[in-house]
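On a predicted model such as this, the values are computed, not experimentally measured, just so you know. Chain letters run A, B, ... following the sequence lines, proteins first, then strands; residues in each count from 1.
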Amino acid sequence: MADPVLTVAELLRPVFTRIAGGLDSDPVVRRSDRADAQVNGSLALAKALGKSPREVAQMVLDACDLSKVCSATEIAGPGFINVTFSNEFLARELVAAADDVRLGVRNAPAKLKVVVDYSAPNVAKEMHVGHLRSTVIGDALVRMLEFVGHSVVRENHIGDWGTPFGMLIEHLIDLGETEAANELSVGDLDSFYRQARIKFDSNDEFKERARARVVLLQGGDDETLRMWKLLVGESTRYFDKVYQTLGVLLTSDDLMGESAYNPLLAHVVDRLRASGLIEISDGAEVVFPDGFLNRENEPLPLIIRKTDGGYNYATSDLACVIDRVERIGANVVLYVVGSPQSQHLEMVAAVSRRAGWVPESTELTHVAFGNVLGADRKILKSRSGEAVKLDALLTESVERAAEAVKEKNAELPAAQQAEVARQIGIGAVKYADLSTDRIKDYMFDWERMLAFEGNTSPYLQYAHARICSIFRKAGIDRASVRRITPTVEHSAERALTMRLLQFDTAVWDTLDKYSPHRLCTYLFELASEFSSFYEHCPVMRADSEEQKMSRLALCDFTARVMEQGLALLGIESPEQM
RNA sequence: GCUCCCGUAGCUCAGAUGGAUAGAGCGGCGGACUUCUAAUCCGUAGGUCGUAGGUUCGAUUCCUACCGGGGGCGCCA
């Protein structure tokens with residue numbers, strides 16, 4: 001338990017409970033700008049006891065001994081207890097956290113199997129900024145869940161099945177396989193898809209062929225499947241390339257496309273029918289989950305089987321749930337999917353639960369997110385009015401970063417400049433995406449993202465690089481200062497120390513709501529606190545050898561938390577920049 | 001029409017289970033580089049927290065109703 005606020009809360013909880021007459025009573029300890037922390041619980045408790053809040057606060061202080069952790073306590077205002085942590089306590093906690101592989105972050109109370117469904121691009125279609133959000137948010141969550149000890153299964157639910165494949169395969173035939181493969185491999189997927197779509201919309205003969213091809217595909221025709229695999233193969237190769245550039249954990253091993261659930265769809269319908277949930281409505285087989293209404297205020301169905309006998313995405317999403325719960329044994333399933341899908345996912349969850357496929361204890365959560373907007377507050381488009389290709393976006397970011405590196409640190413060898421530019425450019429894109437509340441739309445802005453000031457990844461990376469630079473120039477091995485107990489004296493040292501101990505809370509708050517921006521906010525505060533410390537507390541020219549070693553220890557731990565924190569977001573930490 | 005989400009400083013955004021004077025960055029203004037990377041730091045100005053009610057000792061936070069913006073609402077995914 002690295003966070004001192006939690007330590008105080010744990011110490012006070014039994015005291016509050018005793019005063020409350022045995023009822024579990026939360027001391028309500030919060031960070032404060034009037035002291036290190038404030039205890040608010042007395043106010044709520046006072047009413048129940050018919051005493052004044054200040055009186056209760058005094059009872060609390062009389063009944064407990066906080067001397068091991070606090071250097072001062074006072075009752076303030078209507079009945080708050082302000083506490084100041086003792087410097088010795090903070091130093092002790094810091095050493096303990098520095099000695100921990102997880103840097104003070106608590107392990108998960110129980111190891112859970114967590115399925116994270118994210119990225120989900122479509123075969124034979126370009127990856128756009130829209131996919132950036134799912135990919136980057138999902139990746140960060142995967143890293144954090146694993147960090148605290150959960151067992152994570154990554155699933156990339158790619159769009160590799162359905163009616164569009166009829167026209168795509170026919171277009172492939174028209175083009176010739178060699179030419180098609182060539183076009184697909186250079187990443188010109190949009191043009192391939194568009195050409196197929198144009199022919200489908202304007203050419204009746206082609207449309208007929210496409211329809212017939214879908215039937216062949218669904219019927220398992222060998223030759224059709226071979227061509228389908230060609231399309232899927234070229235696309236997934238391209239996805240892998242983008243994932244590699246982006247630096248996310250997804251690989252081809254994580255592919256669980258819609259086609260994978262195809263053989264299970266009939267079974268889904270059978271099971272629903274056996275449970276008596278299926279109803280026939282306008283010729284389609286549907287389930288009516290409670291609480292969902294259509295425009296006419298009539299029950300809204302989840303369509304399981306269309307009038308023409310075909311299945312749709314609801315069916316495959318249900319198969320997905322069954323697979324994840326029954327085969328994988330998931331305790332938690334996270335859908336990192338855009339917010340427009342929220343009603344659909346709620347309906348899928350409702351039907352799954354009603355069918356008894358998902359135990360009460362199993363969590364199905366929609367980790368929803370908003371759009372990436374351009375300066376005009378509309379969905380980000382390129383100059384020509386098309387969706388922005390993810391690949392091109394990343395390339396541009398690295399190029400822009402390279403210019404900045406060249407300008408700021410020209411002495412760096414060219415090869416290293418390129419590597420640092422890559423780390424900064426990719427990090428900036430990811431951080432811009434992760435650092436705001438995911439549920440909201442965010443505005444994409446090159447200037448701000450790569451401005452290297454304010455709440456941006458270059459600013460955080462810079463704090464880390466400066467620390468590395470101190471050790472490098474002094475010729476001191478970082479590990480050698482790791483056991484030193486720092487002397488927390490200067491206010492900047494104190495602020496930094498307290499912030500370092502909050503890494504634990506930051507990670508858990510983030511996981512609690514699946515909101516990576518909370519970790520970002522924490523890391524930004526840490527970087528600000530460090531920059532202030534750096535300015536006010538000289539390390540190599542400290543007043544004494546003891547102070548120097550103390551500050552080196554603080555620096556080392558700061559760098560470790562920063563590097564680990566950024567790594568949890570999927571962002572690299574260059575040692576020079 | 002029903003329903004979900006959003007509405008905080010000029011701009012871009014933080015504000016966990018309600019807690020004492022609402023925070024940061026950018027931009028503005030004013031300072032700090034012979035000193036561990038100034039890609040930095042320090043100071044300052046700037047807000048009826050969309051509006052109106054309600055619950056509470058206490059509301060940016062919870063509830064209700066409005067106003068504004070966006071999404072969803074049966075055989076696309």
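Not one side-chain nitrogen or oxygen of A/Tyr442 sits closer than 4.0 Å to the OP1 or OP2 atom of B/A14. In this structure, A/Ser532 reaches the B/C42 phosphate: one of its side-chain N or O atoms is under 4.0 Å from OP1 or OP2. A close approach under 4.0 Å does not occur between any side-chain nitrogen or oxygen of A/Arg448 and OP1 or OP2 of B/C13. For the OP1/OP2 pair of B/C13 and a distance below 4.0 Å, the side-chain nitrogens and oxygens of A/Lys440 include no atom meeting the criterion. When the side-chain nitrogen and oxygen atoms of A/Lys408 are compared with OP1 and OP2 of B/U40, none of them lie within a distance under 4.0 Å. The side chain of A/His366 places no N or O atom within less than 4.0 Å of a non-bridging phosphate oxygen (OP1 or OP2) of B/C4.
Around CD of A/Glu296, the count of heavy atoms belonging to other residues, nucleotides or ligands within 6.0 Å exceeds 12. Atom CD of A/Gln341 sits in a crowded spot, with more than 12 heavy atoms from other residues, nucleotides or ligands closer than 6.0 Å. Atom CD of A/Glu74 has more than 12 heavy atoms from other residues, nucleotides or ligands within 6.0 Å.
Closest to the side chain of A/Val286, out of B/C5, B/G74, B/U37, is B/G74. Nearest to the side chain of A/Met443, among B/U12, B/U40, B/A20, sits B/U12. Each of B/C41, B/C13, B/C75 was ranked by its minimum atom distance to the side chain of A/Arg377; first place goes to B/C13. When each of B/G72, B/U40, B/C75 is scored by its nearest atom to the side-chain atoms of A/Ile303, the top-ranked nucleotide is B/C75. Checked against B/U40, B/A38, B/C73, the side chain of A/Asn294 finds its nearest nucleotide in B/C73. Side-chain proximity of A/Met577 to B/A14, B/A39, B/U12: nearest is B/A39. The side chain of A/Pro340 sits closest to B/G72 out of B/C73, B/G72, B/A38. Side-chain atoms of A/Lys306 lie closest to B/C75 of the nucleotides B/C13, B/C75, B/C6. The side chain of A/Arg518 has B/G15 as its nearest neighbour among B/G15, B/U40, B/C75. Listed candidates were B/A77, B/A14, B/C41. Nearest to the side chain of A/Glu258 is B/A77.
Across all their heavy atoms, A/Ser316 and A/Glu258 have their closest contact at OG-CG, 4.4 Å. Among all heavy-atom pairs drawn from A/Ser25 and A/Leu45, the shortest one is OG-CD1, 4.1 Å. Of all the heavy atoms in A/Val372 and A/Asp433, the pair that sits closest is CG2-OD2, 4.4 Å. Shortest non-hydrogen contact noted between A/Leu302 and A/Met347 is N-CE, 3.8 Å.
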- Verify side chain to side chain contact (heavy atoms under 4.5 Å, CB included) between A/Met443 and A/Leu380, making sure each step is shown before the conclusion. CA-CA 8 Å; A/Met443 217 185 263; A/Leu380 188 66; over 6 Å; no
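For B/C13 and B/U56, the P atoms lie 37 Å apart once the distance is rounded to whole Å. Comparing the C1' positions of B/G15 and B/G54 gives a spacing of 24 Å, expressed to the nearest Å. Rounded to whole Å, the P atom of B/G53 lies 35 Å from the corresponding atom of B/G72. For the P atom pair drawn from B/G19 and B/C63, the interatomic distance equals 15 Å after rounding to whole Å. If you take atom P in B/A45 and the same atom in B/A24, they sit 11 Å apart, rounded to whole Å. Rounded to the nearest Å, the gap between the P atom of B/U8 and that of B/A16 is 16 Å. Atom C1' of B/G43 sits at a distance of 40 Å from the matching atom of B/C5, rounded to the whole Å. Look at the C1' atom in both B/G25 and B/U44: the space between them is 16 Å, to the nearest Å.
Rounded to whole Å, the distance from CG on A/Asp201 to C1' on B/C76 is 13 Å. For the pair A/Asp445 CG and B/C26 C1', the computed distance is 10 Å after rounding to whole Å. Atom P of nucleotide B/C13 and atom CZ of A/Phe524 are separated by 15 Å, given to the nearest angstrom. Atom NZ in A/Lys406 sits roughly 20 Å away from atom C1' in B/U37 (whole-Å rounding). If you measure from atom NE2 of A/His517 to atom P of B/U12, you get 17 Å, rounded to the nearest angstrom. Across the protein-nucleic acid pair, A/Arg466 atom CZ and B/U35 atom P stand 13 Å apart, rounded to whole Å.
Across all strands shown, B/A59 forms no Watson-Crick or G-U wobble pair with both distances under 3.5 Å.
Taking for each of A/Val5 and A/Arg472 the nucleotide of RNA chain B with the nearest heavy atom, the 5'-most of the two is the partner of A/Val5. Comparing A/Asn40 and A/Ala314 by the nucleotide of RNA chain B that holds the closest heavy atom to each, the one mapping nearer the 5' end is A/Asn40.
Nucleic acid contact for A/Leu300: sugar-phosphate only, since backbone atoms but no base atoms lie under 4.0 Å from a heavy atom of the residue. Counting any heavy atom pair closer than 4.0 Å across all strands shown, A/Phe471 reaches no nucleic acid atom. Note on A/Cys537: a base of the nucleic acid sits closer than 4.0 angstrom, heavy atoms only. A/Ala46 comes within 4.0 angstrom of nothing in the nucleic acid, heavy atoms only. Nucleic acid contact class of A/Asp437 (heavy atoms, under 4.0 Å, all strands): sugar-phosphate only. Among the heavy atoms of the strands lying under 4.0 Å from A/Ser281 is at least one base atom, whether or not backbone atoms are also near. A/His536 comes within 4.0 angstrom of the backbone, heavy atoms only, and of no base. At a threshold of 4.0 angstrom between heavy atoms, the contacts of A/Thr307 include nucleobase atoms, whether or not backbone atoms are also involved. No contact: A/Glu447 has no heavy atom under 4.0 Å from any strand. Nucleic acid contact for A/Asp317: none, since no nucleic acid atom lies under 4.0 Å from a heavy atom of the residue. If you check every strand for non-hydrogen atoms under 4.0 Å, A/Ala76 touches a base. As judged by a 4.0 angstrom heavy-atom cut-off over every strand, A/Glu407 is placed among residues making no nucleic acid contact.
Ring pair A/Tyr335/A/His344: centre-to-centre distance not below 6.0 Å.
Below the 3.5 angstrom threshold, one finds no donor paired with an acceptor across the side chain of A/Ser469 and the base of B/C36. Not a single donor-acceptor pair, N or O on each side, falls under 3.5 Å between the base of B/A20 and the side chain of A/Asp33. Side-chain N/O atoms of A/Gln38 and base N/O atoms of B/A20 include a donor-acceptor pair closer than 3.5 Å. Contact annotation: side chain of A/Thr456 to base of B/G25, donor-acceptor pair absent below 3.5 Å. In the interface, the side chain of A/Tyr462 is not paired with the base of B/A39 through any donor and acceptor atom under 3.5 Å apart.
In this structure, A/Phe80 forms an aromatic stack with the base of B/A20, since both conditions hold: centre separation below 5.5 Å and plane angle below 30°.
Taking the ring axis of A/Phe165 as reference, the NZ or CZ atom of A/Arg213 does not stay both within 45° of it and closer than 6.0 Å to the ring centre.
In this structure, B/C33 is classed as syn because its glycosidic torsion stays within 90° of zero.
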